[in-house]
Amino acid sequence: MINVSDVSKRFGDFTALGGVSLEIPDGSLTALLGPSGSGKSTLLRIIAGLERPDAGRVCIAGADVTNVAPQQRGIGFVFQHYAAFKHMTVRDNVGFGLSIRRRPKTEIATKVDELLEVVGLQGYAERMPSQLSGGQRQRMALARALAVEPSVLLLDEPFGALDAKVRAELRAWLRRLHDEVHVTTVLVTHDQEEAMEIADHVAVMDHGSIEQVGAPRDLYDRPANAFVMGFLGPVTRVGGALVRPHDLVLSPEPSDGAREAQVARVTHLGFEVRVALWLPEGEEVSVQLTRAEADQLELSAGDIVYVRSEPGEPAAVSASSSSPGPPRASPPGPAASRRRGRPG
Amino acid sequence: MASRWGLRAVVAAYLGALLLLPVVYVFYTTFQHGLGPVWDSVTTPAAQSAFWLTLELAAIAVPLNTIFGVAMAMALVRRRWRGKALVEAIIDLPFAVSPVIIGLALLLTFGREGWLHLPFQVIFALPGMVLATIFVSLPFVVREVAPVLREVGDDQEQAAATLGASRWQAFWRITLPSIRWGIAYGVILSTARAIGEFGAVSVVSGDIAGRTETLTLLVQKRFGNFDLPGAYAASALLAVIALATLLTMTTTRRRTP
């Protein structure tokens, strides 16, 4: 388990982290998700020991490692730009940590071969990193980090420098790898789809603090505030509330709680149809329909329709709730999150 | 097309007239009466002594400057400390100040009337010449290595740290191999400067034949004594040393990928 308590970090005038606390359960795959400048990479680097916090503590597996050098933390770290040792073969890259630990050569060779097979790079052992593609380099970096059998694997935007197709492949592959290896993993990403797809837990960060922690589904369905809701998926504003466009229902007849609106645009996107509406107050609302629903309504620009939220329990937060945020009905996930006043 | 060739011709002519022609002419004049006189001229006791002294100065100054240069580049690029900007400016001093002034400064500091007295003789002896040589060739390794360090970044060093490597291990196994070409160029330039130095060394050497006379000083002396063939021969010897350094470096570069 990784336990971060009340960690702060400033870079000059910029508050990168303002008193962040987070618990990462053993064997989980946790994503730190947020826009750039939200402090997610700084938090990861503090867990790794590559950055020292100004205040607060970091514990790994029960031991306080706040003042422990990265060499002694038993971690594996994967960098966005691979950080491949350019002058070494793939074999020497992967075996580096073991060779530092003065393991016998035969043991290193066996272990490296084993890991290269795990990451699908068997046959590439004698190549130089420059002869590998970006995806292959990152898999090599992952094998290198796993070689020292870390208790914690830390990934800093590991797929950020790769093109979309390779990124999607590696994501699925990392999830499978984690299911096999079970090492506690923390992944930093600004891509909500990536976080939702592979993480068990997601900590959403903004302006140096954690906004909410929970399972991906919980965050999507029960966002704590407007920021989390907006960051995890599309939102539209109806009256004073933020709603997901697919949670809105249109009907040609007025009904209870429905608001009158005029169709501004209808966009057919193949599997879905997006409808832009004007409310009488001049607000624009975006609604997402299935093709069947749209066909049934036969909408075109200028029509008058009635819009309401889907009955049931749609995700909706008050648009002005960004600060200080509504009390949460149930704390999602085992991890604690804490909101702080934002700097500036 | 025509204009491109025209431009190339201008560049070639300019370089040829400025760089190549004089050097080729020195070699031509040196060897115009055959190898024999040249050999005699560069094997006189004074010339032999000058040759070895020149190599000795370079052999002391260049390694010291290399160690200092790499350490300084690491400190300038990888660390943040007070007074860094000032040090950065001071390092370039040897480029900015004329070597003669450097020689005079050493004379004022370490000479008989100087304010710093060491238990051994500095001026008109080897230590003074070593100091002068180190001084004039000091910035090369720093200036070659620092940009390479900046370019390489510290990702690889951090990765090494997370894999358990100490600072020292990371330096030897990761940093040094990635900056080796920066160091190599720094060493070439330092060596060239060290063996070719005239001004500063001339002030502090005292020009004692067979003891404190370097090759450049020998060239100057022979030239002053109207021994032109002798001056040409010594110059050619200097050029050969420079070419040998350049060749060694480029061949070692070709051998390692």
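What you see is a predicted model, and the numbers here were worked out from it, not measured in a lab.
- Interface with chain B: from residues 137-145 of chain A, residues A:R144, A:A145 qualify, criterion being any non-hydrogen pair under 4.5 Å.
- Per-residue counts of heavy-atom pairs under 4.5 Å with chain A were compared for B:V152, B:D154, B:T162; the largest is that of B:T162.
- In B:R78, the CZ atom is crowded: over 12 heavy atoms of neighbouring residues, nucleotides or ligands sit closer than 6.0 Å.
- Remark: B:R8 CZ is packed, more than 12 non-hydrogen atoms of other residues, nucleotides or ligands lying under 6.0 Å away.
- Dense packing is recorded around CG of A:D179, with more than 12 heavy atoms of other residues, nucleotides or ligands lying under 6.0 Å away.
- Of all non-hydrogen atoms in A:M88 and B:I174, the two that sit nearest each other are CE-CD1, 3.6 Å.
- Taking non-hydrogen atoms and a 4.5 Å limit, the residue list of residues 47-86 of chain A in contact with chain B, ordered by number, reads A:L50, A:P70, A:Q71, A:I75, A:F77, A:F79, A:H81, A:A83, A:A84, A:F85, A:K86.
- Within a 6.0 Å sphere centred on OH of A:Y124, other residues, nucleotides and ligands contribute 12 heavy atoms or fewer.
- Distance check, rounded to the nearest 0.5 Å: CD1 of B:I179 to NE2 of A:H87 gives 11.0 Å.
- Counting heavy-atom neighbours within 6.0 Å of B:E151 CD, excluding the residue itself, gives a total of 12 or less.
- Counting heavy-atom pairs under 4.5 Å between each of B:A160, B:G153, B:S166 and chain A puts B:A160 at the top.
- At a 4.5 Å heavy-atom cutoff, the contact between B:Q169 and chain A is made by side-chain atoms alone.
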